[in-house]
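Computation of the quantities below employed the complete heavy-atom set of this structure, encompassing side-chain atoms and omitting hydrogens, waters and symmetry-equivalent molecules.
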Amino acid sequence: MSRPVTGTADGSGVLAVDSGGSGLRVVLVPDGGPVTEPLTSREPVRTAARGIDAGHLLEQLVPMARRLMAGAGVGTLRAAAVGAAGLTTLGDSLRADLYPALARELGVRRLALVADAVAAYTGALGQRVGAVVAAGTGMIAIGTDLREWRRADGWGHLLGDSGSGAWIGQAGLDAALRAYDGRPGGSLPLLSYAEEAFGSAPALPGQLYPRPDRPAVLASFAPAVAACAGDGDPVAVGVLAAAARHIADSAAAVCPAPAEAETEAASASAGAGGTAGEVRLALTGGLFRMGDPLLVPLRAALTDRLPHARQVPAAGDPLDGAAGIASDLAAGRLALPRDDSMLYVVTDTPDGPDASDTRSRDRTP
């Protein structure tokens, strides 16, 4: 790897990264300038014995960051935020190795390692009290009163992700096979879609069980469930109604109560553009592009379970969230709760790098 960008590049800025199952996206936010267009790598970061492979992430990230810095005339990175899928359980290598490497190679002074759910939350709501449901192939709900994080589900398609794309697809295929067998709860329209997508019903197990990408294959059938529900198939309608209830259950498990919003944390939320005591709820992720067949029962379930929460559109995506966290960290105004597994912050101090813990706040000016 080469040395930090120097020379005629005398501007400063912050770097934001979104690392997930489909690869890497990176943007630069120059001080006083617009966010750059993202650079993208389609190669997902590998996992190794210590979890997410920091070396593989750096191999991709450093050249992309240098390209963005050179193009924007930025020589100093005041902060960086890396949103990473799997950080909660697979983040040991990133926490140990990423900051010193980024400080050495890019001159990064402050680093936030962010769970993908926290990046999604911040992209959707910013630094406000509330809850966010992030759903696609999987599903996780996350909420905060700005003192601590709460999360629900996100346990994967075998143990949870209830209401997710994989869950909906699996329920739809179950209904298809019930129709094939002549068991109660079957749907002939879903059987027709399943045979069109996967071949004959008896061949379906062989199409699914050996696949390493089984959750994605299951989720690929979710649009068929939505199409059948839109055509009035009662079984498909019931699947999406059940998915809506599962998603609302997870949102209710993490969403702050009104009394919790009436705190010093809520005052910080109001300063960020909210109203003291207000709890916001947003949905983000590809699952919600299924439209009304899912959104109509989901909004009703959320209103029933969380009447105090104001449902709002998501303001942005996880990359926007990482950019916001990097900018706030650089400015010393990051009010989100620190947590080693969810939002891990390292800052450069005269005594060397200082890692946050679950109780800390940014101590740098």
Side-chain angles (χ1 to χ4, degrees), residues 14-29 35-36 38-41 44-45 51-52 54 57 60-61 64-65 79-91 94-95 98-99 102 108 110-144 146 148-154 254 272 280-288 312-330 333-346 356 362:
V14 302
L15 189 72
V17 182
D18 176 33
S19 173
S22 59
L24 208 66
R25 295 187 300 153
V26 185
V27 296
L28 181 71
V29 188
V35 180
T36 65
L39 293 182
T40 302
S41 166
V45 177
I52 301 166
L57 173 62
Q60 299 185 66
L61 173 57
M64 296 165 76
V82 178
L87 178 71
T88 302
T89 54
L90 299 170
L94 295 186
R95 283 185 284 270
L98 204 58
Y99 178 80
L102 290 177
V108 171
R110 308 175 190 181
L111 173 67
L113 293 177
V114 188
D116 53 347
V118 171
Y121 182 100
T122 310
L125 292 183
Q127 297 192 84
R128 295 185 175 91
V129 172
V132 168
V133 175
T137 297
M139 195 284 298
I140 188 170
I142 186 167
T144 185
L146 298 187
E148 63 179 2
W149 292 104
R150 301 172 183 173
R151 57 161 284 178
D153 212 335
V254 303
R280 298 187 180 195
L281 172 65
L283 309 175
T284 185
L287 182 70
F288 303 116
V312 298
D317 66 9
L319 186 58
D320 297 315
I325 288 171
S327 296
D328 288 332
L329 179 60
R333 58 173 183 261
L334 186 62
L336 296 170
R338 307 293 201 270
D339 182 299
D340 282 357
S341 66
M342 304 286 282
L343 178 56
Y344 179 79
V345 175
V346 186
S356 70
D362 189 10

>> Could you walk me through whether Thr144 and Val118 satisfy the side-chain contact (heavy atoms from CB on, under 4.5 Å) test, starting with their C-alpha distance in whole Å, then the side-chain angles of each, then the deciding distance to 0.1 Å, before giving a yes or no?
In response: CA-CA 10 Å; Thr144 185; Val118 171; over 6 Å; no
Heavy-atom side-chain proximity of [X] to [Y] below 4.5 angstrom:
| X | Y | answer |
| --- | --- | --- |
| Leu336 | Leu146 | yes |
| Leu287 | Met139 | no |
| Val14 | Val29 | yes |
| Glu148 | Asp339 | no |
| Val114 | Leu343 | yes |
| Leu87 | Asp116 | no |
| Leu113 | Tyr99 | no |

Can you tell me how far the [atom1] atom of [X] sits from the [atom2] atom of [Y], to the nearest 0.5 Å?
| X | Y | atom1 | atom2 | result |
| --- | --- | --- | --- | --- |
| Leu98 | Leu94 | CG | CG | 5.5 Å |
| Ser341 | Leu90 | OG | CG | 12.0 Å |
| Leu61 | Ser19 | CG | OG | 9.0 Å |
| Leu111 | Ile325 | CG | CD1 | 11.0 Å |
| Met342 | Arg150 | CE | CZ | 12.5 Å |

Restricting to non-hydrogen atoms, name the atom on [X] and the atom on [Y] that form the minimum distance, rounded to 0.1 Å.
| X | Y | answer |
| --- | --- | --- |
| Pro318 | Asp18 | CB-OD1, 4.0 Å |
| Leu319 | Pro38 | CD2-CB, 4.1 Å |
| Ala314 | Ala124 | CB-CB, 3.8 Å |
| Val254 | Ala141 | CG1-O, 3.7 Å |
| Arg333 | Gln127 | O-NE2, 3.4 Å |
| Ile52 | Gly86 | CD1-C, 3.8 Å |

>> Checking Leu329 against Val345 for the side-chain contact (heavy atoms from CB on, under 4.5 Å) test, could you report, in this order, the C-alpha distance in whole Å, the side-chain angles of both residues, the deciding distance, and whether it holds?
In response: CA-CA 9 Å; Leu329 179 60; Val345 175; 3.7 Å; yes
Backbone of [Y] reached by a side-chain donor or acceptor of [X] within 3.5 Å:
| X | Y | answer |
| --- | --- | --- |
| Arg110 | Ala330 | yes |
| Arg95 | Asp340 | yes |
| Trp149 | Ile142 | no |
| Asp320 | Asp317 | yes |
| Tyr121 | Gly130 | yes |
| Thr122 | Gly126 | no |
| Thr36 | Leu28 | yes |

